[in-house]
Every structure is written in C-alpha cells, then in structure tokens.
2 protein chains.
Amino acid sequence: MARVAGVSLATASRVVSKSSYRVSDATRRKVESAVAELDYSPSALARALATRRSRLLGIVVGDITDPYFSEIARGVEDVARANGYLSIVCNTDRTASTELRYVEMLRDYHAAAVIFAGGGREDDRDRAALEHAVRQLEDRGTRVIALIPRDFPALGVGIDNRAACADLARHLIALGHRRIAYIDGPPGLTTSRLRMEGFRDTLAAAGLTPFAVFPGNYDYESGLEVAARIARDVLPDAVLASHDATAVGVLTGLQEFGIRVPDRLSVAGMGGLREAGLLGLTTVQFPMRRLGIEAARLALAEGETGPEPIVLPHELIARRSTAPRLTTRQTAGPTDVEGIL
Amino acid sequence: MARVAGVSLATASRVVSKSSYRVSDATRRKVESAVAELDYSPSALARALATRRSRLLGIVVGDITDPYFSEIARGVEDVARANGYLSIVCNTDRTASTELRYVEMLRDYHAAAVIFAGGGREDDRDRAALEHAVRQLEDRGTRVIALIPRDFPALGVGIDNRAACADLARHLIALGHRRIAYIDGPPGLTTSRLRMEGFRDTLAAAGLTPFAVFPGNYDYESGLEVAARIARDVLPDAVLASHDATAVGVLTGLQEFGIRVPDRLSVAGMGGLREAGLLGLTTVQFPMRRLGIEAARLALAEGETGPEPIVLPHELIARRSTAPRLTTRQTAGPTDVEGIL
DNA sequence: CTGTTAGCGCGTTCAT
DNA sequence: ATGAACGCGCTAACAG
C-alpha cells in the first residue's frame, strides 16, 4: 500500500499510526487516498507485536451471567471502548484453575491490563500459582487491577462490604428488631467474611447477639431453605441475608408458608439486584458499573497511581420488606395489594 | 530460550507449537526443561501474526447487562474456552456506528470469528457500511456467524420468534380469551416484526382481531404505561407482551391499580427471564445459552456448514399469570397468598 | 521532512 | 531428525 501511495513504508506508517511525527500535508494526503483506495487497515496484531503493547483489556469475572459481574463488565467495556481497547471477558466459575489458565492466555496475548472482578477466596490452594502468573503479567508490562478484596497484591478499587452490612444491621436495629438472623455467604470467600463481620460487630456494639447464623451460598436456594427452617421453628424479628438472591429466596419461601413480610418479620438483602426493587426488598445498592469504570480507568491510566485502593460508596435502600417491629399495620393500601405472587 | 535448550529456534518452535512434526524425545525433553526453567511462554501475538490466525473470538451484543445477551455470551465463552479461544465482548447499545467500529477493530485483530448476537434493525441506514465491513472480515478469513434474523448474509443459528409468539397466542385463546391486547417491541427491530406477525396471524386464524396493539420497547416502563392505560379504560381478557420485562411492568402496574392477575385478566411475556419465574409469569423460554454454544461451535467449526440456519426450540411455560377466562377461583391457597408485592 | 534498516517473536519452507 | 533463512505487518532508530 505504501507502494501505490508512492511513499516509503515509514511515512505510511507515520500517518496511519497517527504518530506525532511531522509529515507534510501533501504526502499525508497521498497516503490517505491510497488507504481509501485499497480499503486498507493496519494489522493491530503486527502493531502490538512491534510496540509490545496491545490494546486488549482482560476482565476476569466469576460468571458474566451474574448481574453484578455483567454490570462491572459493562462499566469496564465502556471506558475501554472510549479508549480504543477491546475487552476480553473471562468466566472463571470461581475456579482457581480456569482463572489461572485465563491469566496465562491474557499474558500470551500481551494484554495491556487485566482487571480481576470478583473477590478472592481465602482458602485458595492455588494462590501461589496465581500470584506467580500475576507477577508474570506485570513483568510483561500489563497492568493488573483488582476489585478488592483480593488475595494477591494489586492496586484496586472496591466497596466496603463490612460497612454495607453494618449499615443494614443498624437499620434493622433502629426499627426495633432484636432477634436478628443472618444468612452467610459461601465459605472461604473474602466478601463472606467481611459482611459477616459487619453484621456481628454491629450487633455486638448494640449489645445484641445473633438470633441465628445460617449457612448460605449467595443464591436463591439458600434463602428458600432458611425460610423453611424458620417457618417451622421460631420466627426471628428480622433476617439479614448477605445477598439479594438469598433474600428473595427467603421472601418466596416465607410466602409459601403464609408468613407475611414485613408484618411478621423483616427481610433485607445485599447487592441491589433488579429483583430487589421488584419485590420491594430492602438492600444496599453497590455501584457496580462505577466500579468497572473506575477499574478500567486505573487500568488504562498512564501515570502510576498510589497503592491505596479507591473505595466507592454504597447506598442503603429501605423498601417495604423492612418495617418497625410490633406495629399493627393495616393490610390495605396500594403498597399492600394482594398480587399473584 | 532456544539457546539455553541448546537447540535451534526451529526445533524449539516445533515442540512449543505442538506441530505434528517429528522430534526426538531427547531434544523434546531438553526444550521442555528449558521452557520450565525460563518460565517461558510463546507470544500468542507473534504466533497469530505468523499464522494469520488468532484465537480471538468476537461476540457483539446489544448490552451485556441484558440477561439474554449475557446468557448467550456465556454459552459462546464456554466453548471458546474449551477450544483455547479468548472471547471479546462488544456492547453496541444497538447503535449501528459503534457496531461498525467494533467490527473494524475485530478485523484489525484478525479475530478468528465474530458472532453477532442480537437481531438486526430493518431501518438501518448504515447497513451498507456494516455489510462492507462484514465482507472485509470474511476476506481476512474470519468467520462470521449471526444469530438470525440479521440484516446481512451469514450462516447462523436462531430461534423462531414468530412461532414462539404464536404459541403464546394459542395458549391464551385456548384458555378462552378473546379480547387479547398486544404490546409491541421497539420499532424497526426484526424480532419485533416477527413476534407481532406470530400474534396477528394466530389471532386471525382463530377468527379474532387484536383487542389493541400498544407500542413498547422491550422494557419494564412500557409495561407500566400499558397497565395504566388499560386500568383506566376497558380491561382486555389478556395482554401478551413481546418481552418479559414489559410483562413484568404490566404486572406491577396492574397491581398498583388493585387489578388482580389472573382473576381479572391474564398476562404473558416472552423470553424466560428469572423475574418471570419469580412472579409466576407465563412465558416462552428461549434457550439462550444453547444459542451461544451452537453459534460458537459454528464459529470454530473447520468444515464449511450448509447455509441453512439452525433453529433451536423454545418452550412455553404456563404459570399462574394466565388462567381460564370467566372462572371463579378462590383467593385462598398457597399460590395465592398475599405477599408484600 | 522522508527513506533505510533492523527487529518484534513466531511458523515454515528448504537444505542438511 | 535438525538447522538456516525468510516472511508475517508494523514501529523505531538512524540516516539523508
């Protein structure tokens, strides 16, 4: 193509790659017309090879199907696109080995940066291997960003899981509830631990002890099970689930037993899922998309940023699944119409 | 690295790239130990440049945040990973220009294949440009797969939008409903047209005419609006929404007006969203993940496949949002407990 | 301002 | 079975 333009490869490269080089308008025009004529487009691959810098951005998530992750990915992708980067999404299914494999592939493609969404596990046996792979990444010049908390050193951005759960607990206590049950997250996950700590500490500060702590898995089924158990046994004043999906499960399960929320007990979740809004579930909303955006900004930023992680604010959204304890409310009114649910 | 192995670059390449070449076990071992020692890994970029074939798979979606798309992406990614490919997801926001831009980037990276999820627009002014870009892709040897219907020629896989909507209409008619309203999808979308046709044709075949056809946008808000309109006016026997999100909007809106579903009227949606199950919404479930899987298989398949598109089956899931017309049902029973909704 | 040259890190002929 | 050389398409250094 440089040939049909009648110039040398170098000049052609200079105009095509928009390098801040001085090129006369005349030759520039010649090249441009040649480009148009040949329908030419430069090979990003070759460029990356020569530059040692690709414009590929890796984002490793647990499962893109999970609304949290897809929202994060969307945020990342938005700024990636704005900067001419392509986003590679990697589903790890929370499995260390596939996560590792992906990291290696991203390294082989000289990804400009990789963003680890999804928290780390605290019981990870492959941590050493991962840490090694991450180091390799950095050695090759790719930036690594982590949505904290993560089990390897990396600058990052995140949310305050502990504080969020604490806020929720305080909300429940403020409503007069004392016998508060908690549904834990998957064992070994850092976020599980943090949220649990937020719950326990807040209760302790109020001189309370948990009514019960049920195991959970950040999913719908966990909620159903808990609902069945408390329905057959003693009802707490409130149940705080460490995940919206679980809280929705509680709501559904309770309803099958004819136990009305919030009349008989309050229910709250965490995350800010669409379903939460739909069912009137009290929750804390996490700014997932912003999280992705900030992470991508960090990833693409030229200047080195300080090691202190950015912490984005969450928001407590009180809805009709939580209400003051021991209140006699009317069962009429627009917010309490019987639906098909 | 070939140096420390004590062999030539060629032999090293032969073992690293697993080429079906004859290499003696002795030298192979030498190379392998050198690889391990140096923590060496081949550059996928250089390989792609030399081979003229990358292991990058592009998947262009409307919005990864949309459960349909994320499910498709997941399916694609699953088979991509199994074959050692990386998946690049591109959010077009249903905008032709950004879709075009992405296609160009994917071409520059010599993507092995690109899968177009998300249907085409019928009013697309940039169709020519897109078609051109797609042709360029194919010229460079990248396969292009489309989740039909699409506005440019490509082999593909899809679902039968028309039949799905027809099934729903038949279901409603079989329940005895005659005055059936429809909520359309976004104008200009091929899927909108197809679904609408399925609805109209089925009604016509039964000697019925639509009670009303409301404009919609495949979203929640459209449903709310329709609910408000029919609540203040005459209630149809049933409303069929072209999208689950819209149907959920109808449900929510109706309930705010104290209109009980399915007592007063039936409601159905399309898609198979999680929320549909949660709220007991009758719908057709589309096998989105399978769609992605099949698309990826096509994309990665070596042999040429026939031009006839694969059509995956959908499934009508009748739930409690639809019921026979003019039936007096008791308002008790476990499926009809008043919830917080 | 523009042309020449030398890699980037691989795969792939050809010889040997 | 192995080694030498060339090319993939582009950028970067150095001349002119």
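Throughout, a chain's letter reflects where its sequence line sits, starting with A, and its residues are numbered from 1.
- The side chain of A/T27 places no N or O atom within less than 4.0 Å of a non-bridging phosphate oxygen (OP1 or OP2) of C/dC1.
- Applying the side-chain hydrogen bond (donor to acceptor under 3.5 Å, both in side chains) rule to pairs touching residues 91-100 of chain A yields A/D93-B/R74, A/E99-A/R150, sequence neighbours excluded.
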Side-chain atoms of residues 50-62 of chain A: list all donor-acceptor pairs with protein atoms under 3.5 Å, sequence neighbours left out, distances to 0.1 Å.
from: A/T51; atom 1: OG1; to: A/R47; atom 2: O; distance (Å): 2.6
from: A/R53; atom 1: NH2; to: A/Y85; atom 2: OH; distance (Å): 3.2
from: A/S54; atom 1: OG; to: A/L56; atom 2: N; distance (Å): 3.2
from: A/S54; atom 1: OG; to: A/H110; atom 2: O; distance (Å): 2.8
from: A/R55; atom 1: NH1; to: A/N83; atom 2: O; distance (Å): 2.7

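- One interatomic measurement links the two molecules: CZ of A/R28 to C1' of C/dT2, which rounds to 13 Å at whole-angstrom precision.
- Inspection of the A/R140 and B/S41 side chains reveals an N or O donor paired with an N or O acceptor under 3.5 Å.
- Using a 4.0 Å cut-off, some side-chain N or O of A/S13 falls inside it from OP1 or OP2 of D/dT11.
- At least one donor-acceptor pair under 3.5 Å links the side chain of B/S192 to the backbone N or O of B/P186.
- Taking 4.0 angstrom as the limit, A/T11 places a side-chain polar atom (N or O) nearer than this to OP1 or OP2 of C/dG3.
- The distance from atom OH of B/Y109 to atom C1' of D/dC10 is 13 Å, rounded to the nearest whole Å.
- A heavy atom closer than 4.0 Å to some atom of DNA chain D occurs in A/A46, A/R47, A/A50, A/T51, these being the qualifying members of residues 45-55 of chain A.
- OP1 or OP2 of D/dC10 lies within a sub-4.0 Å distance of a side-chain N or O belonging to A/Y40.
- When distances run from any side-chain atom of B/R14 to the nucleotides C/dC1, D/dG9, D/dG3, the shortest one goes to D/dG3.
- The environment of A/R290 atom CZ is sparse: at most 12 non-hydrogen atoms of other residues, nucleotides or ligands sit within 6.0 angstrom.
- A heavy-atom distance below 4.5 Å is found between the side chains of B/L106 and B/I88.
- The distance between atom CZ of A/R140 and atom C1' of C/dC8, rounded to the nearest whole Å, is 12 Å.
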